[in-house]
There are 2 protein chains.
Amino acid sequence: MQIRAQDLAQLASPADVIFDALREGITDGTLAEGEVLRQDNIARMFNVSRIPVREALTRLEEQGLVTTQRYRGAVVASLSLDEIEEIFEFRSLIEPEVVRHSVVVASQESLDLARDYADRFGHEEDPKNWGHLNRQLHYMLYRDCGRPYFLQVVDSALNRIERYQRLQLTLTSGMDRARREHQAIVEACIARDADQAAELTRAHILGAGRSLLDFLERVRKG
Amino acid sequence: MQIRAQDLAQLASPADVIFDALREGITDGTLAEGEVLRQDNIARMFNVSRIPVREALTRLEEQGLVTTQRYRGAVVASLSLDEIEEIFEFRSLIEPEVVRHSVVVASQESLDLARDYADRFGHEEDPKNWGHLNRQLHYMLYRDCGRPYFLQVVDSALNRIERYQRLQLTLTSGMDRARREHQAIVEACIARDADQAAELTRAHILGAGRSLLDFLERVRKG
DNA sequence: GTATTGAATATTGGATCCAATTCTGAGAGC
DNA sequence: GCTCTCAGAATTGGATCCAATATTCAATAC
């Protein structure tokens with residue numbers, strides 16, 4: 001029997017590559033909200049026809065990262081303050097439970113990595129990386145929870161607000177606070193204190209959401 | 001200015017129609033789990049080319065209702081017992097909060113309709129309709145919560161397990177119990193008792209999940 | 001000068017064709 | 001009889017072409 005590479009690792013299709021690239025651009029803010037995504041432009045950028053581009057856009061729309069109108073194309077989705085608030089409320093319900101379940105069974109490796117990320121947090125130079133670092137840190141605290149569906153749903157929610165959340169991290173106050181809270185959460189996890197870790201996670205999310213919304217209200221209103 | 005129909009109601013594309021039809025078939029159990037969905041067959045059924053079919057399948061995969069492998073086609077997704085359990089756990093976190101927020105502001109119309117559905121529940125003839133009735137009832141209790149994202153996420157979760165949940169409703173004990181619990185939830189909502197409604201909803205979901213899993217374990221194991 | 005029309009252009013969506021991969025089954029080898 | 005091989009069939013994925021719709025902008029009407 002012949003060894004087929006795709007049996008070991010599903011080969012990435014052009015549509016996958018394009019999907020990942022666009023998602024990255026949307027979550028890290030490279031693509032501005034409301035920006036129109038022209039199938040032709042994207043296709044040329046990746047040296048493919050529009051077919052895989054369409055597939056990528058379809059998937060992005062299903063994920064809520066772009067909105068499309070028939071015959072009018074896709075634009076990078078933008079969230080109202082209410083929608084952002086709702087997603088933080090959602091996270092504040094789910095992520096504490098994820099942490100609670102993780103803490104009990106978390107591997108030493110996950111905890112070590114979480115501590116590393118928490119230490120590096122705030123000492124990173126490039127603000128471009130803060131969003132990534134934040135995501136990786138949270139992922140380390142979540143990944144052992146044994147609930148793939150929860151992780152997937154949280155991931156999807158994070159994708160929607162990451163572009164906004166990084167705005168808040170840019171504020172030094174937001175960054176300081178996030179670093180302190182991350183440290184505390186990691187401590188609780190290392191101490192295997194599930195209730196404490198869950199409650200700190202809840203407070204962290206609600207606090208970050210509140211401060212982000214305050215900031216956005218100032219920016220958008222006056 | 002000319003009146004354009006699509007300004008008033010976004011015209012349904014072939015891909016929308018196919019997506020809805022397949023989703024319906026998957027959630028109501030018409031399409032068996034693991035069944036292969038051939039692009040050509042579906043295209044012929046709807047008298048279109050495979051292009052809109054591909055779009056529908058892409059969206060269904062993003063929703064978790066089908067799984068696809070490159071060059072090997074799409075099959076109706078099937079859930080392990082663990083995955084089903086996880087979705088019930090997820091619902092038990094989200095839906096009580098949705099009800100809690102709805103109860104405070106629910107319109108009289110929503111409450112009346114909820115009561116109607118609860119009364120009809122169990123007196124419907126055709127088991128095919130039970131799933132629909134269940135969904136409609138819950139939707140009436142949820143729709144005024146002012147949280148579109150929550151509703152969307154709950155809807156997605158319900159789509160994944162509806163095909164299994166209807167199995168449980170088929171058991172007379174499951175049906176009786178669901179009817180009683182629905183009545184109680186509706187009563188609490190009409191009384192505007194948010195805490196009570198939320199707690200009853202939580203218990204209802206966990207109970208239904210437990211009884212469904214017991215049933216499935218008996219069926220699947222021995 | 002401003003609003004309106006309509007033709008030209010641009011863009012998306014669907015059909016068809018072609019390429020890449022998987023599946024199937026008949027036949028060879030043992 | 002059983003397994004392996006490989007050629008043909010079936011299927012999916014991508015490219016290209018065409019149709020449907022939206023957008024733009026110059027020309028016209030007022």
Side-chain angles (χ1 to χ4, degrees), chain A residues 1-23 25-26 31-32 34-63 65-77, chain B residues 1-23 25-26 31-32 34-63 65-77:
Chain A
M1 167 177 162
Q2 191 185 348
I3 294 169
R4 288 170 299 184
Q6 58 269 39
D7 284 347
L8 304 172
Q10 180 88 312
L11 234 42
S13 69
D16 290 332
V17 175
I18 296 168
F19 175 77
D20 286 341
L22 290 177
R23 188 190 50 193
I26 292 170
L31 296 167
E35 185 165 343
V36 184
L37 303 175
R38 293 278 167 231
Q39 296 176 5
D40 243 342
N41 293 346
I42 299 167
R44 268 194 297 274
M45 280 195 269
F46 291 90
N47 276 307
V48 293
S49 76
R50 284 164 42 226
I51 293 284
V53 176
R54 278 197 245 178
E55 186 185 325
L57 291 174
T58 298
R59 287 163 59 185
L60 288 167
E61 176 170 35
E62 212 61 27
Q63 292 269 324
L65 297 181
V66 309
T67 57
T68 63
Q69 283 186 298
R70 200 162 147 75
Y71 291 112
R72 300 179 59 145
V75 301
V76 177
Chain B
M1 167 178 164
Q2 191 186 350
I3 296 169
R4 289 171 299 185
Q6 58 269 41
D7 283 349
L8 304 171
Q10 180 90 312
L11 234 41
S13 69
D16 289 333
V17 174
I18 296 167
F19 174 77
D20 286 341
L22 290 177
R23 187 189 50 192
I26 292 170
L31 297 167
E35 185 166 340
V36 184
L37 303 174
R38 293 279 167 230
Q39 297 176 6
D40 241 344
N41 293 345
I42 299 167
R44 267 195 298 275
M45 282 196 270
F46 290 91
N47 277 305
V48 295
S49 78
R50 284 163 43 225
I51 293 286
V53 176
R54 277 198 247 178
E55 185 186 324
L57 290 174
T58 298
R59 287 164 59 185
L60 288 168
E61 176 170 35
E62 213 61 29
Q63 292 269 322
L65 296 181
V66 309
T67 57
T68 64
Q69 283 186 298
R70 200 163 147 77
Y71 290 113
R72 300 176 61 142
V75 301
V76 177

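We use all heavy atoms of the structure for the numbers below, so side chains are in, but hydrogens, waters and symmetry mates are not. Naming convention: chains lettered A, B, ... in sequence-line order (proteins, then strands); numbering from 1 in each chain.
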When the distance from CZ of B/Arg44 to C1' of D/dT12 is rounded to whole Å, what number comes out? 14 Å
What's the closest nucleotide to the side chain of B/Tyr71 if the choices are C/dT22, D/dA22, D/dG14? C/dT22
What's the shortest heavy-atom distance between A/Val48 and A/Pro14, and which atoms? CG1-CB, 4.3 Å
Test log, rule salt bridge (Lys or Arg N to Asp or Glu O under 4.0 Å), inputs B/Asp20 and B/Arg59: CA-CA 10 Å; B/Asp20 286 341; B/Arg59 287 164 59 185; 5.7 Å; no
For the atom pair CD (B/Glu61) and CZ (B/Arg54), what is the distance rounded to the nearest 0.5 Å? 14.0 Å
Round to the nearest Å and state the distance from A/Arg70 atom CZ to D/dA20 atom P. 11 Å
Side-chain contact check for B/Val48: nearest option of D/dT16, C/dA15, C/dG13 is C/dA15
Measure from CG on B/Asn47 to P on C/dT16 and round the result to the nearest Å. 11 Å
Any B/Arg72 side-chain N or O less than 4.0 Å from OP1/OP2 of C/dC23: yes
Rounded to whole Å, CG of B/Asp16 lies from P of C/dG13 at a distance of 10 Å
With the side chain of A/Ser49 defined as its heavy atoms from C-beta on, choose the nearest nucleotide among D/dT16, C/dG13, D/dT12. D/dT16
Take the protein atom CG of B/Leu57 and the nucleotide atom P of D/dT12, then report the distance between them rounded to whole Å. 9 Å
Does A/Leu22 reach the side chain of A/Leu57, with side-chain heavy atoms less than 4.5 Å apart? yes
So CG of A/Leu37 and CD1 of A/Ile18: to nearest 0.5 Å the spacing works out to 12.0 Å
Whole-Å distance between C/dA15 C1' and B/Asp40 CG? 13 Å
Which residue lies more 5' along DNA chain D, comparing B/Ile51 with B/Arg38 via nearest heavy atoms: B/Arg38
Between A/Phe19 (CZ) and D/dG14 (P), how many Å, whole number? 15 Å
Report which part of the nucleic acid A/Leu37 touches: base, sugar-phosphate, or nothing (heavy-atom distance under 4.0 Å, all strands). sugar-phosphate
So, is B/Gln39 near the phosphate of D/dG13, with a side-chain N or O under 4.0 Å from OP1 or OP2? yes
On DNA chain D, more 5' by nearest nucleotide between A/Arg54 and B/Ala74 is B/Ala74
DNA chain C: B/Arg50 or B/Glu55, which has the more 5' nearest nucleotide? B/Glu55
